[in-house]
2 protein chains.
Amino acid sequence: MKPLVTIAYCPKCHWLLRAAYMAQELLTTFEEELYGVTLQPSETAGHYSIRIGDDVIFDRKVHGGFPEIKELKQLVRDKVSPEKNLGHSDKK
Amino acid sequence: MKPLVTIAYCPKCHWLLRAAYMAQELLTTFEEELYGVTLQPSETAGHYSIRIGDDVIFDRKVHGGFPEIKELKQLVRDKVSPEKNLGHSDKK
């Protein structure tokens, strides 16, 4: 079974568009590697987290903001496909 | 546990954008009722289906095309929240 990414977002904060954007970026880059990406409205105000299976790889409240797409792709790559070259998303 | 909607799409047909659009429409209308919406790349060419849990409510090959958003919201409403009024999406 391929891994499932879940993006949990606070709908009251209007973060659905941001979550949907990140989902599309991940599904474009990891089309073969992922089972899918779930967009999940969270009941917790200000919540924005990203997990692979049950493993939280990003939490806005811990990180103090949102991830850059490049950084997010590196986090996902390291978990689901460590050998994968991300091209320009691997450069600093 | 709230119901999970899954939109399975053919990435080779470039239907991610369409699937992401429909996911956002459903999450806007059913923010309280759904656990979430999963975008799932399908390995089957030409595949586009929508399910609630394991229950397929729409299949492009059966239906012969894509659902209108109004029609899709009615299908989802009938399963997850039969009493919900969809406003202008309930008119013909």
Side-chain angles (χ1 to χ4, degrees), chain A residues 1-60 69 72-73 76-77 79-81 84 89, chain B residues 1-60 69 72-73 76-77 79-81 84 89:
Chain A
M1 183 78 170
K2 294 176 180 179
L4 173 68
V5 171
T6 301
I7 304 178
Y9 65 94
C10 168
K12 304 280 182 286
C13 310
H14 306 295
W15 290 339
L16 168 58
L17 279 72
R18 190 187 301 249
Y21 161 63
M22 290 190 188
Q24 290 172 85
E25 284 278 0
L26 293 178
L27 286 165
T28 301
T29 299
F30 301 102
E31 178 187 309
E32 304 284 340
E33 290 89 351
L34 295 178
Y35 169 81
V37 177
T38 301
L39 299 170
Q40 180 189 16
S42 169
E43 285 167 18
T44 307
H47 184 88
Y48 195 95
S49 71
I50 301 169
R51 52 188 202 274
I52 300 178
D54 295 325
D55 188 10
V56 177
I57 61 164
F58 181 87
D59 185 319
R60 177 181 161 268
I69 283 296
L72 175 58
K73 288 185 180 176
V76 172
R77 185 269 316 277
K79 292 280 178 188
V80 307
S81 185
K84 190 180 177 89
S89 285
Chain B
M1 183 79 169
K2 295 177 181 178
L4 173 68
V5 171
T6 302
I7 304 178
Y9 64 93
C10 168
K12 303 282 182 283
C13 310
H14 307 295
W15 290 340
L16 168 59
L17 278 73
R18 190 187 300 250
Y21 161 63
M22 290 190 189
Q24 289 172 85
E25 284 278 0
L26 293 178
L27 286 164
T28 300
T29 300
F30 301 101
E31 178 186 309
E32 304 284 339
E33 290 89 351
L34 295 178
Y35 169 81
V37 177
T38 301
L39 299 169
Q40 180 190 16
S42 169
E43 286 168 18
T44 307
H47 184 89
Y48 194 95
S49 70
I50 301 170
R51 53 190 201 273
I52 300 178
D54 294 327
D55 188 9
V56 177
I57 61 163
F58 181 87
D59 186 319
R60 178 183 160 268
I69 283 297
L72 175 58
K73 287 185 180 176
V76 172
R77 186 267 317 276
K79 291 280 179 188
V80 307
S81 185
K84 190 180 176 88
S89 286

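Here is the naming used below: chain letters follow the sequence lines, and residue numbers restart at 1 for every chain.
Atom CG in B:Leu17 sits 7.5 Å away from atom OG1 in A:Thr28 (nearest 0.5 Å). Atom CD1 of B:Ile7 is separated from atom CG of A:Leu39 by 9.0 Å, given to the nearest 0.5 angstrom. The structure places CG of B:Leu34 at 11.0 Å from CD of A:Gln40, a figure rounded to the nearest 0.5 Å.
Contact detail for B:Gln24 and A:Leu16: the closest heavy-atom pair is O-CD2, 3.8 Å. Here the closest non-hydrogen pair linking A:Pro41 and B:Glu31 is CG-O, 3.9 Å.
Within 6.0 Å of the NZ atom in A:Lys84, the count of heavy atoms belonging to other residues, nucleotides or ligands exceeds 12. Crowding of A:Asp55 atom CG: a count of heavy atoms from other residues, nucleotides or ligands under 6.0 Å exceeding 12.
The contact between A:Tyr9 and chain B is made entirely by side chain atoms (from C-beta outward), counting heavy-atom distances below 4.5 Å. For B:Leu4, the part lying near chain A is the side chain, with the backbone staying farther off; criterion is any non-hydrogen pair under 4.5 Å.
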